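Per chain, numbering begins at 1; letters A, B, ... match sequence-line order. None of the values given here were measured: they were computed from a predicted structure.
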Amino acid sequence: MNGDASGVGGENFDWNTDDELEVNDFSLSSCSSLTPPNGEAVVGCGEARSTAGCSNSKLIDHFIGMGFSKKMVSKAIQENGEENTDSILETLLTYSAIESSPRGQHDVDSDNSSLDSGGSFLDDFSDIDSSSDTEEIMIPESDVDGKLLSLVKMGYTVDEASIAIERCGQNSSLVELTDFICAAQMAKVADAHFPELPLEVKPKLKHCDFSKHKKRKLSDYAMWKKKRRNGVHDDDDETIHLPNPMTGFGAPGEPCQTISRTLPEAAVGPPFFYYENVALAPKGVWTTISRFLYDVEPEFVDSKYFCAAARKRGYVHNLPIENRFPLLPLPPRTIHEALPLTRKWWPSWDQRTKLNCIQTCIGSAKLTERIRKALEDYDGEPPLRVQKYVLDECRKWNLVWVGRNKVAPLEPDEVEMLLGFPRNHTRGGGISRTDRYKSLGNSFQVDTVAYHLSVLKDMFPGGINLLSLFSGIGGAEVALHRLGIRLKNVVSVEISEVNRNILRCWWEQTNQRGNLIDLADVQQLNGDRLEQMMSSFGGFDLVVGGSPCNNLAGSNRHHRDGLEGKESALFYDYFRILDLVKCIMTKAQ
DNA sequence: CTCAGAATGAGTGTAGCG
DNA sequence: CGCTACACTCATTCTGAG
């Protein structure tokens with residue numbers, strides 16, 4: 001959804017910040033402290049909550065030896081109690097992940113003037129090793145010893161730091177190094193083998209599955225042990241498998257798959273939430289997302305079951321799944337229905353009925369010219385070799401036939417139509433053609449999302465209050481509007497100014513009577529701000545968000561870094577804000 | 001400066017087949 | 001089962017023209 005996450009970069013975390021603790025104290029102490037919720041379920045089992053600091057120095061040393069800082073360990077033990085080593089570890093790993101995400105640390109390349117924290121939820125740790133702050137920023141790129149020292153001061157072991165510098169290169173930034181270490185630590189969690197962790201914590205850490213899968217897990221575990229004996233490496237113990245066909249809990253016109261499901265207790269609203277991202281993310285990503293989002297099983301849906309273009313996405317939500325209904329009129333389901341004018345030019349040897357995923361770039365005019373030249377030498381059917389070349393390019397760039405031997409990329413308004421937006425939704429506001437494609441390529445497929453959200457219509461006849469994170473061009477807003485669900489108060493967070501303009505423009509054009517508040521940065525949304533807004537109109541009914549996929553998407557050749565990548569780590573902000581909203585709503589009841 | 005074109009693969013899943 | 005071939009993917013970065 002996010003149109004342009006660049007520039008959000010992590011410049012806002014300050015280890016030294018000792019102000020602005022009020023909101024975060026609230027979020028950390030009275031809420032679930034940013035551990036994955038199922039981790040907290042484990043916490044709940046341990047009555048012995050240590051309030052008197054950490055008397056057990058052996059326990060502290062144990063975790064320090066694993067590479068965590070002393071302050072962090074103390075805090076985690078205080079949170080979880082001394083008995084629950086497994087939940088302590090999980091908490092620590094979570095903290096590490098969040099710290100090394102862009103939100104959680106300095107970006108050494110960024111403008112130093114922005115160092116004042118917008119109120120990070122980790123500010124509770126802001127008194128850690130106070131000396132390291134300005135030093136990290138001053139370190140020259142080539143100062144290996146300085147980086148090593150900084151990393152050790154941040155709580156990593158010398159070994160971890162050395163390996164990271166070796167693997168990332170001596171000129172790598174501290175951000176890259178911490179990301180690397182963090183990725184390694186996260187990999188340990190995802191890796192079912194846990195080779196370096198003490199035996200006693202291994203089995204419990206595997207507790208990150210869905211209740212309905214537990215049987216399968218046991219058998220898988222047995223299988224893994226068997227394979228391990230045979231020397232076979234198996235690392236997909238914890239991966240979530242994509243369904244085939246990818247229709248989620250059902251799509252209109254498709255055979256019914258699941259008619260009911262039971263949500264984990266912690267997932268039940270209010271508020272309802274709806275999270276989206278690419279289905280084909282690197283291994284382990286969806287396991288992590290699901291673990292954070294209250295262990296809800298993702299619903300994987302390919303929008304080709306809703307419209308004429310494929311779009312494989314995963315949705316984690318706590319909405320009911322009974323009595324869904326589609327948007328009317330039903331959108332065209334084939335290329336020919338969607339683009340009837342292309343039909344007369346479509347050669348018989350191009351058998352496509354669905355378009356591939358709509359992305360952010362389009363094929364060039366030069367390419368269509370090359371294709372025309374390759375075809376024009378032949379009167380009837382071109383040879384198979386040429387057919388294959390043309391078809392491969394057509395599939396890669398989503399080209400359609402617009403004339404004799406002539407293919408062309410989709411026009412922006414055709415993309416809008418395919419994705420379920422009103423025609424010219426992204427036009428105006430001085431947005432370039434390139435940027436229109438980019439914003440559209442990052443958006444929801446409205447019919448798909450609307451089908452999932454349709455269950456809200458009967459539940460909220462008076463309309464809803466919506467928190468929309470990473471709104472992009474407003475896919476969720478358009479979906480709700482087209483469903484006839486009144487938008488009372490909408491708080492929309494979107495980094496891209498052109499996208500905010502597009503949403504504002506749509507809001508005015510559709511004569512919305514509600515109230516639209518738009519913010520640029522999720523970091524502006526702290527507990528204070530939320531509480532203030534929620535008290536003014538009585539809380540949110542729905543929290544929607546599709547966090548940036550830049551570092552998850554297969555098309556990204558350069559920085560497919562997974563959930564800890566610069567932009568995609570904003571997922572943790574989605575969770576942070578959702579959890580804050582949950583806490584405030586619970587408190588208000 | 002903006003904009004469009006071009007170059008830049010790997011990771012993942014799956015169908016088919018012996 | 002294991003292998004192989006194949007299809008597909010909400011992208012980034014550089015360059016050159018205007």
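Distance, A/Lys396 NZ to C/dA11 P: 14 Å, rounded to whole Å. Atom pair A/Phe300:CZ and B/dT12:P shows a separation of 14 Å (rounding to whole Å applied). Put simply, CG on A/Leu391 is 10 Å from P on C/dA7, counting in whole angstrom units. Between the CG atom of A/Asp435 and the P atom of B/dT2 there is a distance of 10 Å, given to the nearest Å. Computed from coordinates, the A/Asp302 CG to B/dG13 P distance equals 15 Å when rounded to whole Å. Straight-line distance from the CE atom of A/Met246 to the P atom of B/dG13: 9 Å, rounded to whole Å. A/Lys566 has its NZ atom 13 Å from the C1' atom of C/dT12, to the nearest Å. Computed from coordinates, the A/Leu399 CG to C/dC8 P distance equals 13 Å when rounded to whole Å.
Between C/dA7 and A/Arg395, no contact under 4.0 Å exists linking OP1 or OP2 to a side-chain N or O. Of the side-chain N and O atoms in A/Gln359, none sit less than 4.0 angstrom from OP1 or OP2 of C/dC10. A close approach under 4.0 Å does occur between a side-chain nitrogen or oxygen of A/Asn550 and OP1 or OP2 of C/dT12.
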Encode nucleotides 5-11 of chain B as B, S and - characters from 5' to 3', where the letter depends on protein heavy atoms closer than 4.0 Å: B to the base, S only to sugar-phosphate, - to neither.
SS-BBBS
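With a 4.5 Å cut-off on side-chain heavy atoms, A/Phe300 and A/Asn244 do not count as touching.
Counting only residues at least two apart or on different chains, no salt bridge (Lys or Arg N to Asp or Glu O under 4.0 Å) pair has a member in residues 239-248 of chain A.
Legend: residues meeting ring-ring contact (aromatic ring centres under 6.0 Å, His included) with A/His558, ordered by chain and number and at least two apart, are absent. The side chain to side chain contact (heavy atoms under 4.5 Å, CB included) test applied to A/Ser568 returns A/Asn551, A/Leu552, not counting sequence neighbours. Annotation: side chain to side chain contact (heavy atoms under 4.5 Å, CB included) contacts of A/Ile362 (sequence neighbours excluded): A/Pro409, A/Tyr437. For A/Arg500, there are no salt bridge (charged side-chain N to carboxylate O under 4.0 Å, His left out) partners two or more places apart in sequence or in a different chain. Evaluation of the salt bridge (charged side-chain N to carboxylate O under 4.0 Å, His left out) rule for A/Asp518 yields A/Arg504 as partners, not counting sequence neighbours. With sequence neighbours left out, A/Val455 forms a side chain to side chain contact (heavy atoms under 4.5 Å, CB included) with A/Leu319, A/Pro320, A/Arg324. For A/Pro271, the side chain to side chain contact (heavy atoms under 4.5 Å, CB included) test picks out A/Val543, A/Leu578, A/Val581, A/Lys582, A/Met585, with sequence neighbours left out.
Atom OH of A/Tyr305 and atom CD of A/Gln445 lie 14.0 Å apart (nearest 0.5 Å).
A/Arg343 and A/Glu337 are not joined by a salt bridge, as no carboxylate oxygen comes within less than 4.0 angstrom of a charged side-chain nitrogen.
Nearest-nucleotide positions on DNA chain C for A/Asn277 and A/His559 put A/Asn277 closer to the 5' end.
Residues of residues 408-416 of chain A that place a heavy atom closer than 4.0 Å to DNA chain B do not occur. Within residues 304-313 of chain A, the residues that place at least one heavy atom under 4.0 Å from DNA chain C are, in residue-number order, A/Arg311, A/Arg313.
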Both atom distances under 3.5 Å, Watson-Crick or G-U wobble: I'd like the secondary structure of DNA chain C as a dot-bracket string, with | for pairs made across strands.
|||||||||.||||||||
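Heavy atoms of other residues, nucleotides or ligands lying less than 6.0 angstrom from CZ of A/Arg423 number 12 at most. No more than 12 heavy atoms of other residues, nucleotides or ligands sit less than 6.0 Å from atom CD of A/Glu497.
A/Phe571 has its ring centre less than 6.0 Å from the ring centre of A/Tyr275.
Nucleotides C/dT9 and B/dG9 have their C1' atoms positioned 12 Å apart, rounded to a whole Å.
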